[in-house]
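To start, the structure itself, in structure tokens.
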There are 2 protein chains.
Amino acid sequence: MGEGARSVTAKVLAMLEAFTPATPDLSLSELARRAGVSLPTAHRRAAELVAWGALERGADGRYRIGLRLWEVAALAPRGLGLRDVAMPFLEDLYEVTHENVQLAVREGLELVFVERIAGRHAVPVLTRVGGRFALHATGVGLVLLAHAPVEVQEQALAAPLHAYTPKTITDPDRLRELLAAVRRNGYAVSDGQVTLDALSVAAPIRGADAAVVAAVSLVVRADTAEPIALAPLVQAAARGISRMLAPRPGGW
Amino acid sequence: MGEGARSVTAKVLAMLEAFTPATPDLSLSELARRAGVSLPTAHRRAAELVAWGALERGADGRYRIGLRLWEVAALAPRGLGLRDVAMPFLEDLYEVTHENVQLAVREGLELVFVERIAGRHAVPVLTRVGGRFALHATGVGLVLLAHAPVEVQEQALAAPLHAYTPKTITDPDRLRELLAAVRRNGYAVSDGQVTLDALSVAAPIRGADAAVVAAVSLVVRADTAEPIALAPLVQAAARGISRMLAPRPGGW
DNA sequence: TCCGCGCATTCCGTTCACCGAAACGGGGGG
DNA sequence: CCCCCCGTTTCGGTGAACGGAATGCGCGGA
């Protein structure tokens, strides 16, 4: 949001944005400070947001994101809309492997995790439904980047690429080659590129116009499987989901 | 929202609320009409919401709920926060049965579905993640109502109760008895009360202070199982989730 | 072809919704 | 007692927000 004079809408949105996974509940003063609005303004806007249900205020006086906001947000076609279509296929993939299954979409230069199914014994992963991550390291991220518009690819490669582990590929030229291989192979592999103990294989999901709109991946413990063995599974799930997203009356 | 003069925040929220499962995408005029704001106002506010990501405008000029809103809303403790905790148990329940698994919370006089896992061959159910439903007919609804504050129960029973099928219990006295049985038994059964072909068994999930904060259910095709056989499964899942919600450092 | 309708976008004079500094009261700690 | 932080309320000033009107566009029907 711009500095100085800000619209009411901008302030309200800034207040919603003040909540993060690290700060899921906030006092009024914290909320005002994080949103960059004065205390009385935060107080007034918060009262409205609470009355509507976008925020909830607990007995402790602290604010949290409210269920009503989530209800409305659940209508986002690229969020739960996509997830609803994909869910049966994600379930199948999970059931066969009992490993992490992830569904993600690209948002600008990042990915957003739309769904994640993980059993209790699956390898821990640094992802959260609704959370964002870089494109260049994860399996789903690589798929989304490989199929993104060229401008997006070049933009992503022009920025400094964070090295999550010694195996993360941060050299733009190497990454370009990798992205070309992803497009050629029809799947991406991320081996120890996010955490050293995790291997993920991801495949592209195509939407109504055959453009890649999301990616699905399996994340397993490194050294427990070969990517080649996992790829057909993941690709089958991706193809199934793509089929469901294909054009038809009232389609997505 | 009040009539006549309305705050900016109220108008913005009314615009978000204009989207429904039946109308997930709207033209500007439709959005303005549904939200009860003038066209220029809707145009201005929509532009801000789109810039921030709460709404997305497609090439067709139509507006949809945006991914950014969902990202923020994913932080709702009673939404995906609860779902994250419950997911492994829901998965277990799904895997044993391959039937519909549902997770819901109470919001006023209605329930909101927080999660739903359904295989491709499960009985069709009238539920949608993020959607609302009455309390008096579904398994999860009965559990939530049975454990709701007395004022809520009396309020719900005082309203006209919709009969989804001839088997739906709409008589307040009969419903009171049923709710008492739910509390006694530790689970609820809804047999043909929502759709004639569906039987659901639900159990309460308790939060940090042992109060019932959610309910989990299994929905199967009627006449394919006995509630008594399903109840222990559902209750085990509910107990597992409750355990994860129990007080502990940084707990939910 | 012309006309009517609905749509989306922009303009502009008016006004009241919104603002934040300040005040107030409460709680906790030294 | 003083200090600090918090949350809530007050109130005069003002500019952000408003909507009717105008404009231009596309579409369908006569």
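Throughout, protein chains are lettered first and strands after them, A, B, ... in sequence-line order, and every chain is numbered starting at 1. Please read all numbers here as calculations on a predicted model, not as lab measurements.
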Short of 4.0 Å, heavy atom to strand atom, which residues of residues 25-36 of chain B count as contacting DNA chain D? none

Integer-rounded Å distance: D/dA17 C1' and B/Glu48 CD: 10 Å

To the nearest 10 degrees, how far apart in direction are the end axes of the helix from C/dT1-D/dA30 to C/dG30-D/dC1, each fit to five base pairs? 30°

Between A/Leu39 and A/Thr9, just flag the one whose closest nucleotide in DNA chain D comes earlier from the 5' side. A/Leu39

Starting from C1' on C/dC18, measure out to CZ on A/Arg45 and report it in whole angstrom. 7 Å

Within less than 4.0 Å of OP1 or OP2 of C/dT9, is there a side-chain N or O belonging to B/His43? yes

Heavy-atom nearest nucleotide on DNA chain C taken for B/Arg57 and for A/Val8; more 5' hit belongs to B/Arg57

For A/Ser29, side-chain hydrogen bond (donor to acceptor under 3.5 Å, both in side chains) partners two or more places apart: none

Sequence-distant partners of A/Ala163, side-chain contact (heavy atoms from CB on, under 4.5 Å), two or more places apart: A/Thr168, A/Thr170

Quick one: list whatever passes side-chain hydrogen bond (donor to acceptor under 3.5 Å, both in side chains) with A/Asp25, sequence neighbours left out. A/Arg62

Mind checking what makes side-chain hydrogen bond (donor to acceptor under 3.5 Å, both in side chains) contact with A/Arg239, not counting sequence neighbours? none

Would you tabulate the side-chain donor-acceptor contacts of residues 131-148 of chain B under 3.5 Å, counting partners in other chains and residues two or more places apart, or write 'none'?
| unit_1 | atom_1 | unit_2 | atom_2 | d |
| --- | --- | --- | --- | --- |
| B/Arg132 | NE | A/Glu71 | OE1 | 2.6 |
| B/Arg132 | NE | A/Glu71 | OE2 | 3.2 |
| B/Arg132 | NH1 | B/Glu110 | OE1 | 3.0 |
| B/Arg132 | NH2 | A/Glu71 | OE2 | 2.9 |
| B/His136 | NE2 | B/His162 | O | 2.7 |
| B/Thr138 | OG1 | B/Gly141 | N | 2.9 |

What pairs of donor and acceptor atoms, side-chain ones from residues 205-213 of chain B against any protein atom, are under 3.5 angstrom apart with sequence neighbours left out?
| unit_1 | atom_1 | unit_2 | atom_2 | d |
| --- | --- | --- | --- | --- |
| B/Arg206 | NH1 | B/Ala210 | O | 3.2 |
| B/Asp209 | OD1 | B/Ala211 | N | 3.2 |

When the distance from CG of A/Asp60 to P of C/dG27 is rounded to whole Å, what number comes out? 17 Å

Return the polar atom pairs (N/O with N/O) between nucleotides 19-22 of chain D and the protein under 3.5 Å, or none.
| unit_1 | atom_1 | unit_2 | atom_2 | d |
| --- | --- | --- | --- | --- |
| D/dG19 | OP2 | B/Ser38 | OG | 2.7 |
| D/dG19 | OP2 | B/Thr41 | OG1 | 2.4 |
| D/dG19 | O6 | B/Arg44 | NH1 | 3.3 |

Least distance between heavy atoms, B/Ala76 atom then A/Trp70 atom: CB-CB, 4.3 Å

Name all residues meeting the side-chain hydrogen bond (donor to acceptor under 3.5 Å, both in side chains) criterion together with A/Arg68; count only those two or more places apart in sequence or in a different chain, and write none if there are none. B/Glu17

Distance-only, no hydrogens or angles: does the A/Glu56 side chain make a donor-acceptor pair with backbone N or O of A/Leu67 under 3.5 Å? yes

Could you list the residues that satisfy side-chain contact (heavy atoms from CB on, under 4.5 Å) with B/Thr195, not counting sequence neighbours? B/Leu126, B/Asp197, B/Ala198

If a pair satisfies salt bridge (Lys or Arg N to Asp or Glu O under 4.0 Å) and one of its residues is in residues 145-158 of chain A, list it, with sequence neighbours excluded. A/Glu154-A/Arg176

